[in-house]
Amino acid sequence: MHVPDLKEARKRTKEKVVEKKVDYTFSKNFVGKKYFLRTYGCQMNMHDSEEIRKYLEMLGFTETMVLEESDLVVLNTCAIRENAHDKVFGYLGRCKHLKREKSDLLIAIGGCMAQEESVVSEIKSKHPYVDIVFGTHNINELPKLILESKKKQEIEVYSIEGDVYEGIKYSRDSNITAWVNIMYGCDKFCTYCIVPYTRGKQRSRKLEAIVAEVEELKNAGYKEVTLLGQNVNAYGKDLEYGYDFKDLLEKVAETGIERVRFVTSHPWDFTDEMINTIAKYENIMPYVHLPLQSGSDKILKQMGRRYTKEEYLTLFQKIKESIPNVSITTDIIVGFPNESESDFLETLDVVNACKFDSAFTFIYSPREGTPASLIKDTISMEEKEERLQRLNQLVNQYSLENNKKLEGKVVPVLVLGENEKDKNKIYGYTDTMKLININGSKDLIGKIVNVEIHEAKSFSLDGVVAKESVEN
Ligand code: 5AD
Ligand code: SF4
């Protein structure tokens with residue numbers, strides 16, 4: 001048994017990361033059995049679930065979307081805010097209930113919550129019916145843990161840093177767009193954030209390995225890749241090869257795959273060369289997710305963000321001016337401890353200046369073990385909620401305004417599938433990452449087509465396929 005340890009997780013040694021290969025030599029013992037996989041949180045987690053799904057399929061399981069039909073439940077959890085915790089523990093209640101009726105049901109918990117000391121001790125003391133707990137550093141041990149699962153609870157979570165695995169197989173959600181990890185972990189240690197503890201130190205994959213994966217995806221017919229990292233602009237800084245994110249972007253673009261995207265950017269590491277590279281290549285999409293978090297210099301400093309309001313605005317302007325037609329989205333936290341009304345107004349000021357295409361907005365949630373969680377807070381929850389509402393109102397106003405400017409325009413869209421509610425419609429994303437519902441034929445799924453935008457809403461667009469627009 002290995003349990004997580006926050007002190008260990010905080011350490012950053014100079015020791016080199018070891019590149020490892022996953023061992024796929026396990027037996028197919030579960031033919032005829034069903035698994036139910038539930039994923040919480042970000043794209044990183046969704047991509048980890050594609051790895052988990054592959055292991056389960058290789059063990060012989062088939063997927064069910066109905067919890068009650070399953071022989072194995074895997075919850076891939078998120079730790080970013082308290083409400084993510086609450087959702088998982090709420091769901092676990094349903095699983096416990098099911099296990100009373102189905103005693104050989106296996107329950108496994110993985111992901112970021114499994115990396116938290118307090119969560120694991122809660123599982124040990126209050127949820128003995130959970131069979132397996134595995135962490136973000138040892139997803140590849142899940143087959144072994146399932147195969148060896150006995151009647152007692154198995155906890156295998158490692159806190160130190162982690163390695164880089166190559167040759168991972170995935171059972172991907174889509175055959176059109178694919179996520180590609182370019183790095184794991186994060187060394188930024190923003191004072192509110194749990195990720196550097198749950199995902200370990202920054203470990204970049206080698207450039208050649210990433211490019212080879214993109215080539216393989218392109219050859220398999222994929223149209224789009226999204227390069228994934230907590231902080232993609234810092235890519236390569238932990239390696240000794242002298243290349244950085246700009247070099248990686250160039251090499252990935254030169255594979256000729258039709259669309260290249262990347263998330264998430266950190267303003268601190270965003271260089272002019274990176275901006276120019278995004279502008280230069282047609283197949284690097286004009287879309288940047290650039291978290292602001294706060295517009296107040298005082299709060300930014302306390303958050304450990306390493307930039308000022310002015311520096312953020314300067315970078316924003318540079319990106320807008322250099323990349324034609326770019327759309328920029330952001331993340332904002334309100335109610336950081338002791339955020340005053342005037343601090344909050346500074347945030348609104350940046351929103352007014354940037355007019356973001358959209359923004360993910362959150363009320364600050366203290367995470368155990370992070371420095372910010374120790375700050376005594378004097379602002380009431382009512383006040384925080386009221387600020388969130390005011391912020392959302394402004395954010396939505398600009399989303400709509402930006403989208404309205406697109407009415408009547410023709411934009412390229414990668415069509416991803418059928419609209420769930422209206423089977424006569426298909427949906428996709430514009431180059432600028434806007435969701436669009438289209439009157440058009442299912443034959444266009446997987447293709448990039450030009451779409452004329454008829455109506456713009458705050459969170460989506462409606463359009464029709466422009467005549468003679470199919471490019472491929
Ligand atoms: N409380 C609220 N929001 C948070 N985020 C990260 N940590 C916290 C926290 N403790 C937000 C940030 C980040 C996004 C993924 O989640 O805005 O960019
Ligand atoms: Fe993703 Fe962060 Fe949630 Fe972990 S805590 S799953 S990294 S959003």
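What you see is a predicted model, and the numbers here were worked out from it, not measured in a lab. As the structure lists them, so they are numbered: ligands from 1, and atoms in each ligand from 1.
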Who pairs with Thr361 by side chain to side chain donor-acceptor pair (under 3.5 Å), at least two apart in sequence or on another chain?
Asn392
Could you tell me whether the side chain of Arg305 reaches within less than 4.5 Å of the side chain of His266, counting heavy atoms only?
yes
Arg390/Glu386 ion pair, N-O < 4.0 Å
yes
Per-residue contact class, Val195 against ligand 1 - non-hydrogen pairs under 4.0 Å:
neither
Please list, in number order, the atoms of ligand 1 under 4.0 Å from a heavy atom of Tyr364.
1 (N), 2 (C)
In ligand 1, the atoms that come under 4.0 Å of a heavy atom of Ile333 are 3 (N), 4 (C), 5 (N), 12 (C), 17 (O)
Can you list the atoms of ligand 1 that are under 4.0 Å from a heavy atom of Ile363?
2 (C)
Taken in chain and number order and not counting sequence neighbours, the residues that satisfy side chain to side chain donor-acceptor pair (under 3.5 Å) with Lys126 are none
Does a sphere of radius 6.0 Å around NZ in Lys237 hold more than 12 heavy atoms from other residues, nucleotides or ligands, not counting ones at 6.0 Å or beyond?
yes
At under 4.0 Å between heavy atoms, is it the side chain or the backbone of Tyr192 that contacts ligand 1, or both, or neither?
both
Candidate with minimal heavy-atom separation from atom 4 (C) of ligand 1, of Gln293, Arg367, Arg81
Arg81
